[in-house]
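Sequence lines set the chain letters: A, B, ... in the order given, protein chains first and strands last, and positions in each chain run from 1. Only this structure's heavy atoms are used, side chains among them; waters, hydrogens and symmetry mates stay out.
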Amino acid sequence: MGLPPFRRAGSLPMQPSSKSNQPTGRRSSLKNRSVLFGLMAALFLFAVGCTKDGQSTWEAFGPVAQKQLDLFNVILWVMVAVFILVEGVLVYAIVRYRRRPGDAKPPQIHGNNTLEITLTIIPTILVLALGIWSVFALFEIDKPPEDGPAPLQVTVTGHQWWFEFEYPDAGNGKKIITANEMRIPVDRPIQISLESDDVIHSFWVPKLAGKLDMVPTHINKMWFQADSDKITDDLPVTLYGQCAELCGLAHALMRFRVTVMEQDDFDSWVAAYGPPPTNTAKAKQGAQIFAHHCTLCHTIDGPDDPALSASRLTGFLTGGDITPVPAPNLTDLRTRNTLAAGIVDLNETTLRQWLHNPEDVKPGNYMSERAVLYQDGPANLPDEAIDALIGYLLDLR
Amino acid sequence: MAAITGVIPRPTSYAGIWGWMTTVDHKRIAVLYGVTAFIFMLIAGVEAGVIRLQLASADSDLIGPGRFNQMFTMHATTMVFMVIMPLGVSFFNFVIPLAIGARDVAFPRLNALSFWLFLFGGILMHVSFLVDQVPDAGWFSYANLTEKPFSMNRGLDYWAISLLVMGSASVAGGLNFVVTIINLRAPGMSMMRMPVFVWMTLITSILLVLAFPVITVGLIELVMDRNFGTHFFIPSEGGDPVLWQHLFWVFGHPEVYILILPPMGIVSEVLPTFSRKPLFGYPFVIFSGIVIGIMGWAVWSHHMFTVGLGPVANSVFTITTMLIAVPTGVKIFNWIGTLWRGSIEFTTSMMFALGFVALFIVGGLSGVSHAVSPSDFQQQDTYYIVAHIHYVLFGGSIFGIFAGIYYWWPKITGKMLNETLGRLNFWLMFIGMNLTFFPMHYLGLNGMPRRIYTYSAEFGWEHLNQLASVGYVVLFVSFLIFILNVLQTRNSRKVSHDPWDAPGIEWSIASPPPPYNFAELPEVEGRDHYWILKDRAEAAGTPITEPEALVDESTIHMPSPSYWPILIAAGVALIGGGLLSHYALSFVGGAIAMMGAVGWSNEPPAAPSEHH
């Protein structure tokens with residue numbers, strides 16, 4: 001847009017340097033100094049705000065987020081200009097026209113129609129121009145370009161408090177259902193359908209696109225794409241996402257990851273999607289324990305059976321102490337990097353902690369509330385059984 | 001039976017607590033509103049403190065998610081419905097009859113009823129803490145999180161029913177002030193001579209009357225869904241949660257203007273007084289207020305840009321929202337125009353008014369930035385929005401209200417608030433406010449969603465959250481200083497009736513004003529009538545130094561106190577309380593309210609001891 005991109009400022013220091021906060025201007029009034037101080041503080045905050053942190057909107061990895069950032073950058077500069085102008089005039093008036101001893105009564109001016117009308121028309125033109133421009137942008141980012149590569153379809157379903165990703169055709173007609181970690185090929189539009197099974201959630205990956213709500217009985221469509229020329233790191237790159245609409249107790253812990261991969265890597269992930277092997281005695285034992293304690297809610301042998309999903313949902317909505325609930329598909333758990341909707345890294349330690357007592361890891365989750373195993377708090381399972389489960393789920397040798 | 005048919009005499013005592021409970025005097029009701037709202041503000045402030053304490057460090061587990069959700073829900077609900085609105089109404093009550101030259105509001109008993117309904121509704125809401133079933137779905141309480149099985153305790157019932165009780169207070173209050181302003185103006189006080197605060201009150205009151213029925217419909221449907229098996233908002237039963245959002249924001253956006261127009265009116269009184277210049281562009285300030293009041297109905301879906309209404313709906317609301325920035329800008333321009341070439345005196349009241357203008361500009365500009373819907377897709381539901389609303393409602397409404405408190409305090413009490421403490425109060429609040437809320441812009445743009453009770457250190461949000469929490473401490477101290485300032489007025493000096501050389505006719509009478517306000521109704525000759533009088537007297541060499549003379553109260557007919565408003569309000573609150581506990585109580589409450597209504601309608605116009 002011809003304006004300096006703010007995200008470059010990420011290299012500025014993170015900590016306030018005491019020098020930069022020193023107000024200058026010895027003879028200026030208190031008001032002046034505080035304004036200067038405010039400006040300095042603003043600049044410092046700018047530097048902090050423009051970092052490339054995990055969910056920063058200052059760094060766009062795809063065309064949708066880029067368009068939104070471009071728009072915001074222009075509005076930001078307009079705002080900064082108007083801010084300096086108006087606050088400047090205000091401060092000038094306050095300083096210049098302060099009452100001095102012996103002041104006569106000021107001229108009793110009632111107004112100036114020409115000035116009023118001018119200062120109504122100018123902002124009207126300004127906001128209309130911004131408004132019309134944003135309407136064009138709105139339609140521009142509504143759908144993926146028709147002349148590009150065919151989009152990959154993904155249906156994302158919000159659950160309390162995790163995300164389900166369904167690829168109706170991830171490649172060669174293979175259907176995949178997974179949870180909390182979305183894998184996408186680079187340079188290809190991703191067409192997303194958003195649904196919810198329970199309450200309203202919101203799907204948001206700041207570096208790819210702004211958010212869109214997941215509303216029960218509504219199907220919302222959005223798209224994004226990760227561009228290889230915008231990502232400077234080597235692929236695969238993992239991006240952060242989070243539910244942005246208050247959805248109950250564990251709303252803050254409803255996160256997810258999006259891993260951007262080369263198409264080849266994506267294809268191998270698709271090909272490898274399947275239940276964990278049971279070629280050792282320990283894994284067989286783990287599979288048995290899993291079948292006994294976990295399959296009421298969790299599927300581990302490929303995409304969930306729709307009828308089973310529906311009955312789990314009914315169980316969830318009707319409530320009760322021990323009912324099946326919709327739960328993450330664990331078929332590819334061994335290929336994931338995080339646990340409990342992206343809140344902790346997935347490894348033996350965290351999985352053991354989770355299996356021992358999920359409430360410790362993620363307060364409010366339905367596993368500790370509804371599963372028989374956790375009715376009295378921590379799991380009523382011997383350590384060897386948990387070991388076997390971990391070995392099976394993570395395909396440890 | 002006498003009590004039931006209401007042929008018992010009206011109360012006659014103006015003294016003691018009983019005098020306060022039966023009062024129909026607009027000035028006393030103003031004090032009741034103000035004190036109650038201020039107590040609620042302290043509660044909401046403590047809730048904000050808990051929020052800031054929890055967020056001051058990453059991965060904090062000081063309080064769990066359950067309590068955190070309750071804290072932000074009650075903080076916002078309390079601030080909106082039990083602090084800023086009633087503080088505005090407190091000013092309506094005190095100032096409006098005085099500013100238009102009336103003896104009281106049009107319906108004094110209805111006015112008392114409004115207050116008691118508000119108080120009992122507010123208490124009912126806070127009973128939820130005593131039974132530990134606190135509302136926890138946000139002040140907007142989006143369906144269907146508010147429905148069973150997602151919200152099983154009575155929290156949302158407390159929320160909805162208390163708001164229904166308080167909503168009836170708002171509608172009654174709104175009607176009262178519309179009628180008062182239209183009908184009770186002193187001779188010569190034409191519409192275009194009314195002080196701006198009166199105009200903003202009129203617009204706000206019309207908004208109140210029109211907006212509250214919408215939320216009432218939504219709240220009743222919610223209560224029905226939760227308790228009586230309907231399913232307006234339950235998607236699995238064919239209802240639609242988005243319907244709630246439309247109902248809520250069709251109310252909710254005018255509500256925003258209900259919160260900001262009265263402080264805008266206050267500022268429009270304070271700036272001219274301390275610039276010794278009439279308001280610049282009076283008709284433009286009025287018309288922009290009217291335009292805001294009308295256009296406020298056409299922008300509600302900008303709260304719903306990410307709901308998935310589609311690009312056409314989002315375009316329409318982008319444009320209307322953009323346009324509403326224009327009348328707001330007009331107001332700011334005229335305030336600066338008022339200062340221009342003036343003679344600005346930095347009283348505490350003036351500093352708060354200037355702070356209002358300075359901070360409201362920031363809130364207004366960030367508002368424009370999320371009117372742009374594509375850009376708002378990134379900002380919606382992040383701390384950027386939290387920053388915006390606090391610049392508008394804290395930097396705007398609260399600063400405006402403090403300007404009003406410091407401005408009218410000598411008229412209300414006859415005593416001065418200390419100016420040194422006042423300045424300290426202002427500067428701490430100004431600095432604390434910016435420390436707390438300015439960093440939130442950056443937190444939001446850095447991807448921090450609202451309403452999360454914890455966050456992970458890796459997102460880089462910790463430092464700015466700490467800064468915001470430090471800002472909270474500064475704000476806390478500024479409120480303590482204000483309380484100290486109020487307490488020290490017990491020993492402070494009496495002031496003259498017109499300490500500011502103000503233009504409004506409320507300054508022509510004694511401080512505090514006598515119950516009947518004006519011994520003789522003023523003949524208003526123009527805008528800023530009291531300035532006209534003072535200038536003329538000055539020119540004639542006989543400056544006005546005394547307030548209008550007091551007269552014998554018994555020669556002026558004033559409405560007598562009444563038992564019935566508080567009784568009806570208690571009955572109505574009991575109906576709500578019964579719905580939350582045992583239905584039998586509701587019938588008792590209904591019977592009390594009906595008895596009160598009968599007594600009210602049969603009440604003699606004056607106490608028997610009076611002869612008028």
Within the side chain of [X], is there an N or O that forms a donor-acceptor pair under 3.5 Å with the backbone of [Y]?
X: B/N144; Y: A/D198; result: yes
X: B/K277; Y: A/Q108; result: no
X: A/E245; Y: B/D381; result: no
X: A/N220; Y: B/V307; result: yes
X: A/R99; Y: B/S343; result: yes
X: A/K211; Y: B/Q380; result: yes
X: A/T57; Y: B/L445; result: yes

I need the minimum non-hydrogen distance between [X] and [Y], along with the two atoms involved.
X: A/I94; Y: B/I344; answer: CA-CD1, 3.9 Å
X: B/F280; Y: A/N112; answer: CZ-N, 3.7 Å
X: A/P106; Y: B/R341; answer: CB-O, 3.2 Å
X: A/L138; Y: B/P311; answer: CD2-O, 3.6 Å

- request: Identify which part of A/D142 has an atom lying under 4.5 Å from any heavy atom of chain B, answering side chain, backbone, both or neither.
  value: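 For A/D142, side-chain heavy atoms alone lie under 4.5 Å from chain B.
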
- request: Please look at A/Q160 and chain B and tell me whether the side chain, the backbone, both or neither of the residue comes under 4.5 angstrom of a heavy atom of that chain.
  value: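 Contact with chain B is through the side chain of A/Q160 alone.
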
Trace of the side-chain contact (heavy atoms from CB on, under 4.5 Å) decision for A/L128 with B/I319: CA-CA 7 Å; A/L128 270 183; B/I319 299 287; 4.1 Å; yes

Checking [X] against chain A: side chain, backbone, both or neither under 4.5 Å from a heavy atom?
X: B/Q70; result: neither
X: B/S275; result: backbone
X: B/Y384; result: side chain
X: B/A371; result: neither
X: B/F274; result: backbone
X: B/Y282; result: backbone
X: B/F346; result: side chain
X: B/F459; result: both
X: B/Q379; result: both
X: B/Y453; result: both
X: B/L443; result: neither
X: B/T454; result: both
X: B/V312; result: both
X: B/D61; result: neither

- request: Flag the one option from B/S369, B/P283, B/P149 with the top tally of heavy-atom pairs under 4.5 Å to chain A.
  value: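 Highest number of heavy-atom pairs under 4.5 Å: B/S369.
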
query: If you count heavy-atom pairs under 4.5 Å with chain A, which of B/V357, B/V316, B/N334 comes out on top?
result: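 Top count of heavy-atom pairs under 4.5 Å with chain A: B/N334.
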
task: Select, from A/A250, A/P107, A/A65, A/S196, the one with the greatest count of heavy-atom pairs under 4.5 Å involving chain B.
output: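 The residue among A/A250, A/P107, A/A65, A/S196 with the greatest pair count is A/P107.
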
- request: With a 4.5 Å cut-off on heavy-atom pairs, point out which of A/E87, A/M222, A/R96, A/M254 contacts chain B the most.
  value: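 Top count of heavy-atom pairs under 4.5 Å with chain B: A/E87.
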
message: Let's go through B/D535 and A/K105 carefully: what are the C-alpha distance in whole Å and the side-chain angles of both, what is the deciding distance for salt bridge (Lys or Arg N to Asp or Glu O under 4.0 Å) to 0.1 Å, and is it a yes or a no?
response: CA-CA 11 Å; B/D535 283 350; A/K105 194 170 186 181; 3.0 Å; yes

query: Looking at A/Y92 versus B/W340, is the centre-to-centre ring distance below 6.0 Å?
result: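 Under 6.0 Å, so yes.
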
Intermediate values then yes/no, side-chain contact (heavy atoms from CB on, under 4.5 Å), B/F150 and A/L317: CA-CA 9 Å; B/F150 307 110; A/L317 292 179; 3.7 Å; yes

query: Do other residues, nucleotides or ligands put more than 12 heavy atoms under 6.0 Å from the CZ atom of A/F139?
result: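 Yes, enclosed.
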
